[in-house]
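All values reported here derive from a predicted model rather than from experimental measurement.
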Amino acid sequence: MSCLIHSAAFAALLAASAAFAQPAAVVPAPAGAPRSVRELSDGLDALAAQVTPAVVQILVKGYAPAEGSSGELLARRAGTGSGVVATPDGYVITNAHVVAGARTVQVQFAAEYRVPGGKSILKSRGKVVGGQIVGIDRETDLAVVKIDPATLGGATLSTLPLGDSEELAQGQLVFAFGSPFGLESTITMGVVSAVARQVEPDAPMVYIQTDAAINPGNSGGPLVDANGRVVGINTFILSRSGGSEGVGFAIPSNIVKAVFEQLRTNGRVRRGMIGVHAQTVTPLLATGLKLGRDWGVVLSDVFPDGPAAKAGLHSGDLVQTLDGKTMENARQFDVNLYRRRVGDTVLLAVERGGQKLEARVQIVELASDPGRFMDLVSPDRNLVPHLGILALELNKQVASLMPTLRKQTGVVVAASAAASFHEEEVFAPGDVIYAMNGAPVAGLAALREAAAKLHPGDAVVAQVERRGELVYVAFEAE
């Protein structure tokens with residue numbers, strides 16, 4: 001709450017300074033805080049009352065990579081984060097990193113008065129109910145947890161609407177809600193520092209940057225505007241100290257909407273593409289290609305037999321608009337496509353040789369993303385300790401997420417259980433292990449049995465299918 005107090009005091013100071021600058025004869029008698037400051041305070045109080053009941057604390061117990069020299073790959077961990085109730089039937093949005101690896105998830109609601117009409121500043125602890133992970137999307141760092149409203153004793157769930165993050169403007173007031181360091185029902189105030197901050201140069205993900213204080217435990221909580229609409233989900237900070245230094249980031253609500261609906265409906269996110277590579281037009285590029293302008297987006301590649309090629313688009317086409325929105329650079333183009341669903345169509349207006357053309361292009365699913373296998377594993381079921389991997393049986397469900405494979409039996413690598421298990425990563429997510437030292441690997445139990453027989457220093461050669469090719473992966477057992 002300190003941010004709110006400081007803001008009000010600063011506004012009061014400005015008002016007092018302005019009054020002091022007037023001739024003494026016209027200075028009115030003091031009558032408490034200026035009206036504008038009182039209205040601001042009352043408005044923030046009403047906003048907190050509106051938002052807080054829909055903000056929850058996420059309590060998890062599970063596994064995380066072990067630290068130190070204990071020799072263990074994974075260790076039990078307990079942690080907390082935040083979330084926001086999105087629907088009356090109990091779907092809660094949070095961060096993927098809050099619930100990843102969790103064996104149990106609990107959802108704690110805001111503190112409440114147990115005495116009707118109670119006014120004590122200390123309230124009773126809010127209700128705690130069990131939660132079930134519906135889906136996790138690591139690429140956007142979003143997850144959906146489901147609770148049963150009936151476990152709340154008939155209470156009606158408070159929810160918050162998702163706003164339009166494209167309406168945000170730099171300098172706009174925003175408020176971060178959550179449970180930093182486990183301190184439930186905390187609110188901080190700041191401004192939008194940047195509306196679309198790209199943290200990794202080639203990543204399609206963009207973030208809202210804010211100076212509203214965000215600390216460990218705020219992850220998964222809502223960033224709301226002055227109308228109480230969720231404009232982002234708080235996810236991480238840049239900090240030298242480990243605490244808030246005024247550089248926090250939230251996932252824009254328009255990305256949250258698309259991912260939330262897919263996780264709630266399908267339990268996973270299907271990512272789409274139209275089969276092009278887009279580049280930002282520069283003055284040099286425009287001169288060399290004789291383009292009509294020195295800014296915008298040009299299609300440097302249109303993949304053969306892809307949706308864009310089938311719609312009649314060509315390499316060298318200058319993109320004018322995407323669904324009526326002017327495209328100013330390649331990053332904007334990629335971001336606008338990123339949140340579209342598989343099966344959707346987009347209308348592209350392009351310029352080619354001075355002619356204006358339009359093409360309707362269907363969004364198709366990207367080739368299988370190996371990272372999605374992490375959503376199917378848990379450390380207690382899928383760990384192969386002697387190899388330091390989390391792996392899955394190659395069954396029909398798993399095979400359906402992959403391209404056509406050479407064999408029908410084997411083990412699929414979901415992830416390394418700990419990054420430091422080997423000096424270099426031996427197995428990559430998506431690898432399919434067919435044999436080890438010449439012996440076929442029929443399944444997860446067979447792989448565990450073969451790996452358990454290895455001694456430190458033994459030579460190990462695994463036959464692996466990697467990106468459609470059979471390769472031998474050789475390493476020494478540890």
Has [X] got a side-chain atom pairing as donor or acceptor with [Y]'s backbone, closer than 3.5 angstrom?
X	Y	answer
Asp137	Ala96	no
Asn382	Ala391	yes
Glu245	Arg240	yes
Thr159	Thr87	no
Gln57	Ser82	no
Thr52	Ser185	no
Asn234	Gly221	yes
Gln332	Glu328	yes
Thr210	Val191	yes
Asp141	Asn95	no

Roughly how far apart are [X] [atom1] and [Y] [atom2], rounded to 0.5 Å?
X	Y	atom1	atom2	result
Ser239	Asn215	OG	CG	8.0 Å
Asn254	Leu162	CG	CG	9.0 Å
Leu337	Asp344	CG	CG	10.5 Å
Thr265	Arg270	OG1	CZ	12.0 Å

- Message: Show, in sequence, the C-alpha distance, side-chain angles and deciding distance for Lys146 and Val144, and conclude whether the side chain to side chain contact (heavy atoms under 4.5 Å, CB included) test is met.
- Response: CA-CA 7 Å; Lys146 179 69 167 65; Val144 174; 5.9 Å; no

- Item | Test side chain to side chain contact (heavy atoms under 4.5 Å, CB included) applied to Val105 and Gln132, step by step | CA-CA 7 Å; Val105 176; Gln132 180 71 38; over 6 Å; no

- Item | Exceeds 12 heavy-atom contacts within 6.0 angstrom, atom CD of Glu39 |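 Count over threshold, so yes.
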
- Is there a side chain to side chain contact (heavy atoms under 4.5 Å, CB included) between Ile147 and Leu157 once you walk through the steps? CA-CA 10 Å; Ile147 62 170; Leu157 282 177; 4.2 Å; yes

- What orientation do Phe249 and Phe236 show, parallel under 30°, tilted 30 to 60°, or perpendicular over 60°?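 The arrangement is parallel - the two ring planes meet at less than 30°.
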
- Which side chain to side chain donor-acceptor pair (under 3.5 Å) pairs, counting each pair once, include a residue from residues 222-231, with sequence neighbours left out?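 Side chain to side chain donor-acceptor pair (under 3.5 Å) check on residues 222-231 returns Asp225-Arg229.
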
- Apply side chain to side chain contact (heavy atoms under 4.5 Å, CB included) to the pair Phe475 and Leu387, showing each step before the final yes or no. CA-CA 10 Å; Phe475 58 97; Leu387 298 181; 3.9 Å; yes

